[in-house]
2 protein chains.
Amino acid sequence: MTRHAGGLSIGQVAEKTGLSVHALRFFEREGLFLRPIRRSAGGQRVYDPADVSWLLLCNRFRESGMPIATMKRFAELVRAGSGNEPERLALLEEHERTVQAKIADLTASLAIIHDKVMTYRRHVEEGTAAGVWSPKPGPGRRSA
Amino acid sequence: MTRHAGGLSIGQVAEKTGLSVHALRFFEREGLFLRPIRRSAGGQRVYDPADVSWLLLCNRFRESGMPIATMKRFAELVRAGSGNEPERLALLEEHERTVQAKIADLTASLAIIHDKVMTYRRHVEEGTAAGVWSPKPGPGRRSA
DNA sequence: GCTTGACCTAGAGAGAACTCTAGGTTTTAG
DNA sequence: CTAAAACCTAGAGTTCTCTCTAGGTCAAGC
């Protein structure tokens, strides 16, 4: 695809964003873009750098577990133009809380997992087996 | 179900673990338990307290994003009895790293999301709109 | 001008982890 | 004893997020 005023092909955008071309088309069908993607004379997609920035933000949302439906909602608000900033803010704040909660949960789980790791390390080093799970909870307790 | 020597019904286990009875049967089919679940004379499942402890650990694994296939692998190692502790340790260590990475990613995303939240807060308070996404990147830059 | 690689659409398929259904049996409470 | 609640199996269905296929079209290099 010849340069369309700084335009990028779907393949180039895929490379820059780490998303597959399939995923980019999928996102478009889902209405995640801020505006219609331009097309070349031959019908191929032409992306602007702004689309790439937006996709990078979307990627952050995705990586932090935001469902596509929510990204879509956010995109709709942005597309609707100014006036709904409080709604956008509310959406972002809620997602922020969600992410904070997720981090807290993971951190709690991590502590427990780390505990098991330490327990197993001791056992492996010392060649003992006490305190780890066994099929029939043999002589002692079962806990690691 | 009459008490089978401290045994618990599937419903009781569901309540204690927060898993649905469907999920418990599913886990069993998937081979996530450390040993076959006993059955009452009438064919109903009878769980031991040890099964509940194991499920609670499994829940931690699940909540921290461990795939069922990996939990199954861990269960298999435990079922196989002692001797494979180094393998169990390796599995746990890898999961620990995965969780750490996940927390790091989320933390990075959170920083960016928090940034956007702060930006929007300012805009909403001041009634301005500069610096936030708009459909046609109007007068200024587009970044928030 | 032709081959090769990138791109197009519409829609099917995948897989992860459940969840639910249908049709029937067992337990428990009154 | 009986009715309701809980349980059983096997297997189909759901949700989410892509991913892949089939059957072409478009673009770029030699």
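As a basis for the values below, the full set of heavy atoms in this structure was taken, side chains included, without hydrogen atoms, waters or symmetry mates. Here is the naming used below: chain letters follow the sequence lines, and residue numbers restart at 1 for every chain.
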Check: Is the backbone of B/Pro49 close enough, under 3.5 Å, to the side chain of B/Trp54 for a donor and an acceptor to pair up by distance?
Finding: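 Such a contact is absent between B/Trp54 side chain and B/Pro49 backbone.
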
Margin query: Quick one: does any side-chain atom of A/Asn59 pair with a main-chain N or O of A/Thr17 as donor and acceptor, under 3.5 Å?
Written below: yes

Answer yes when [X] and [Y] have at least one side-chain N-carboxylate O distance shorter than 4.0 Å, and no when they do not.
X        : Y        : value
B/Glu125 : B/Arg122 : no
A/Lys116 : B/Glu96  : no
A/Arg39  : A/Glu28  : yes

Provide, to the nearest angstrom, the distance between the [atom1] atom belonging to [X] and the [atom2] atom belonging to [N].
X       : N      : atom1 : atom2 : answer
B/Leu24 : C/dC20 : CG    : C1'   : 16 Å
B/Leu8  : D/dA6  : CG    : P     : 16 Å
A/Glu15 : C/dC7  : CD    : P     : 10 Å
A/Glu30 : C/dG11 : CD    : C1'   : 14 Å

Margin query: Base contacts versus sugar-phosphate-only contacts with protein, heavy atoms under 4.0 Å: please encode nucleotides 8-22 of chain D as B, S and - from 5' to 3'.
Written below: SB-------SBBBB-

Notebook entry, point to check: With respect to the phosphate group of D/dC7, does any side-chain polar atom (N or O) of B/Ser9 fall under 4.0 Å of OP1 or OP2?
Noted result: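 Answer is yes, contact under 4.0 Å.
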
Checklist line | B/Glu30, CD: over 12 other non-hydrogen atoms inside 6.0 angstrom | finding: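 Yes, CD of B/Glu30 has more than 12 neighbouring heavy atoms, counting only those of other groups under 6.0 Å.
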
